Amino acid sequence: MKHLSLSYSTLTRLPPCALAFYPLDSRFVIVGTYKLERDGSRHGTLDIYDCANGELKLCSTIESTDSSILDLKFSPQDSSLLATAHSTGRICLWRVSPSREDGIDVELLSTCDVADSSDVLVLSICFSPTDPVVLSVTLSSGECRLCSISAGSAVSTLQVERSFMAHSLEAWTSAFSSNGSLLFSGGDDSVLSAYDLRAGIQVWQDKRTHSAGVTSILPFHDNVSQIWTGSYDEKLRVWDLRGPYSKGSVVNELSLGGGVWRLIDHPEVAEKLVLACCMHGGARVINTSDELSAASVVSNISEGHESMVYGGDWSSDGGYIATCSFYDTKLNLWSYK
C-alpha cells in the first residue's frame with residue numbers, strides 16, 4: 001500500500017484556488033490565485049513553481065491585474081496548451097514550453113470574452129476528451145457555454161458556439177462523457193443536468209439527489225456508464241448511467257467530511273485512484289473499483305492545511321500530489337509512493 005507524506009510546504013502571495021502539474025514535465029506546478037479587495041475589485045496571478053528534489057521554489061509570476069483566476073486546465077490532446085478562467089468573464093489561452101534556462105516559458109496566446117458581461121465570473125473549464133478544439137465553460141450567471149478553439153498561423157483563439165441556461169444559480173462545474181457525446185453540468189441550485197451535444201438538447205436533469213450545490217463531476221474514461229459527483233453537502237456519489245438516455249442512479253455514497261470541490265483521477269487509469277479536494281475537510285485519495293459500489297477512502301490529507309482546499313493535482317507518474325488552500329495561502333507537495 002502506498003504511503004502519503006508531506007514533502008514540502010510554502011505560502012503563496014495571494015490566495016490559491018486552482019493548480020495543475022505541467023503534463024510534459026511534472027517538475028513544474030502552475031497555480032492560479034484569486035484576491036477580492038474590499039472595494040470589490042479582483043486580481044490574481046499565475047505562479048510557476050519548480051518541484052525539483054521534492055521542494056517548491058517559485059520560478060516566476062504572471063500578474064493578472066484586472067481579474068482573478070478561478071480555474072486552470074491543460075488540454076488532454078495538447079499538453080502545452082493551458083486555459084485559465086477569469087473573474088471578468090474571459091478565458092485566456094497560454095502556450096507552455098521548456099525554456100533554455102532549464103525552466104518553462106508561459107506565453108499568452110489569446111483572450112476571449114465568453115460571458116455577456118465582465119461582471120460574470122468564469123467558474124470552471126473542461127476540455128473535451130475526444131475533440132481537441134472543444135471545451136466547456138461554466139459561468140456565475142448559471143450558463144454553460146460550449147466553445148471551440150481555432151488555430152491560426154501562430155495564435156489560437158476561442159469562440160462561443162453554443163450556450164445552455166443550465167442553472168438558476170451559479171454553474172459551478174461541467175464535464176464531458178468519456179465519449180464526448182454528453183455534457184454534464186452542476187450548479188449551486190443542487191441540480192445535475194445532462195445534454196446531448198449531437199442533438200443540442202437537455203436529455204435529463206436530477207433535482208432531488210443533492211441536498212446542496214453540485215460542485216464537481218468526474219466521468220471515468222475507461223467506463224462510459226459511470227460518473228462521480230461531489231457536492232457542498234459533503235457527499236461523493238457514484239452514478240450508474242445505464243438507464244434511458246443515460247439517466248443515472250446513485251449506487252454508492254461516501255461522506256468525505258467537507259464540500260467536494262474537485263475530483264481528479266489518477267493519470268494512470270490502472271491505478272484506479274481519485275483525488276478529492278474537500279474544502280475545509282482537506283483532501284482524500286479514493287480507491288475506485290469495477291464494482292461501482294466499492295469505492296472507499298484510502299488516504300486522508302487532513303493536516304497541513306488550515307483553510308479551504310480548492311486545488312489539487314497528481315504528478316504525471318502519480319508519485320506526487322500538490323494541494324492548495326485558500327485563506328491560509330498554503331501550497332503543499334505530498335509524496336505518494
Side-chain angles (χ1 to χ4, degrees), residues 71 73-79 81 83 85 91 93 112-116 120 122-139 141-152 156-187 189-210 214-230 237-251 263-265 269 292:
D71 193 16
K73 296 283 174 57
F74 279 97
S75 166
Q77 283 88 15
D78 181 355
S79 296
L81 181 63
I91 293 289
L93 297 177
C112 176
D113 294 325
V114 295
D116 296 332
V120 174
V122 183
L123 300 175
S124 75
I125 302 166
C126 182
F127 281 93
S128 167
T130 57
D131 192 329
V133 300
V134 172
L135 58 85
S136 67
V137 300
T138 62
L139 307 178
S141 60
E143 293 172 271
C144 183
R145 293 193 164 180
L146 205 63
C147 304
S148 63
I149 302 170
S150 58
S156 296
T157 60
L158 200 65
Q159 182 174 344
V160 176
E161 300 290 348
R162 197 181 306 172
S163 181
F164 301 99
M165 193 61 219
H167 301 277
S168 59
L169 297 171
E170 291 91 340
W172 289 122
T173 188
S174 69
F176 294 88
S177 62
S178 58
N179 62 9
S181 64
L182 294 177
L183 180 67
F184 303 98
S185 68
D189 54 4
S190 308
V191 170
L192 174 67
S193 295
Y195 303 87
D196 186 325
L197 297 179
R198 294 164 296 192
I201 59 172
Q202 183 181 86
V203 290
W204 62 267
Q205 189 178 73
D206 179 276
K207 298 181 178 181
R208 298 182 178 182
T209 300
H210 303 88
V214 180
T215 48
S216 55
I217 304 170
L218 178 66
F220 280 82
H221 301 308
D222 64 336
N223 190 340
V224 295
S225 64
Q226 181 182 0
I227 64 168
W228 287 14
T229 60
R237 293 175 174 89
V238 182
W239 295 72
D240 186 346
L241 302 180
R242 289 173 290 191
Y245 298 104
S246 297
K247 187 169 184 177
S249 59
V250 176
V251 295
L263 294 167
I264 310 101
D265 52 359
V269 174
L292 299 185

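FYI, side chains are in, hydrogens and waters are out, and symmetry mates aren't considered; it's all heavy atoms of this structure. The structure presented is a predicted model; accordingly, all values stated were derived computationally and were not measured.
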To the nearest 0.5 Å, atom CD of Glu170 lies from atom CD of Glu143 at 12.5 Å

Check: Would you say Val122 and Leu139 make side-chain contact, with heavy atoms under 4.5 Å?
Finding: yes

Quick one: does any side-chain atom of Asp189 pair with a main-chain N or O of His167 as donor and acceptor, under 3.5 Å?
no

For Arg145 and Ser163 the tightest heavy-atom approach is NE-OG, 3.2 Å

Residues Ser148 and Glu161: closest non-hydrogen pair is OG-OE2, 2.6 Å

#### Entry: Check: Phe184 and Leu241 side chains under 4.5 Å, non-hydrogen atoms
yes

All heavy atoms of Ser178 vs all of Pro129, minimum pair found to be O-CG, 3.8 Å

In terms of heavy-atom contacts, Ser193 and Gln202 come closest through OG-NE2, 3.6 Å

Worksheet item: Are the side chain of Asp71 and the backbone of Ile125 linked by a donor-acceptor contact shorter than 3.5 Å?
Response: yes

Value for CD1 (Ile149) from OG (Ser75), rounded to nearest 0.5 Å, stands at 6.5 Å

Smallest heavy-atom separation, Val250 atom then Thr209 atom, equals CG2-CG2, 3.7 Å

Open item on the list: Would the distance check show the side chain of Thr173 and the main-chain N or O of Gly186 forming a donor-acceptor pair, the cut-off being under 3.5 Å?
Closed with: no

Distance col, row Ser128:OG vs Leu135:CG, nearest 0.5 angstrom, shows 9.0 Å

When every non-hydrogen atom of Gln159 is compared with those of Cys112, the smallest separation belongs to N-SG, 4.5 Å

* With a 4.5 Å limit on heavy-atom distance, are the side chains of Ser177 and Pro219 in contact? -> no

field: Min side-chain heavy-atom separation Cys147-Val137 under 4.5 Å
entry: yes

To the nearest 0.5 Å, atom CG of Leu182 lies from atom CZ of Arg198 at 7.0 Å

Between the CZ atom in Arg237 and the CD1 atom in Ile217, the distance rounded to the nearest 0.5 Å is 12.5 Å

Between Lys73 and Phe127, is any pair of side-chain heavy atoms under 4.5 Å apart? yes

For this session: Please check if any side-chain donor atom of Thr157 sits under 3.5 Å from a side-chain acceptor atom of Ser150, or the reverse.
Result: yes

Distance col, row Phe176:CZ vs Tyr195:OH, nearest 0.5 angstrom, shows 12.5 Å

| Under 3.5 Å, is there a donor-acceptor pair between the side chain of Arg162 and the main chain of Leu197? | yes

Distance-only side-chain donor-acceptor flag, Ser174 / Thr138, under 3.5 Å: no

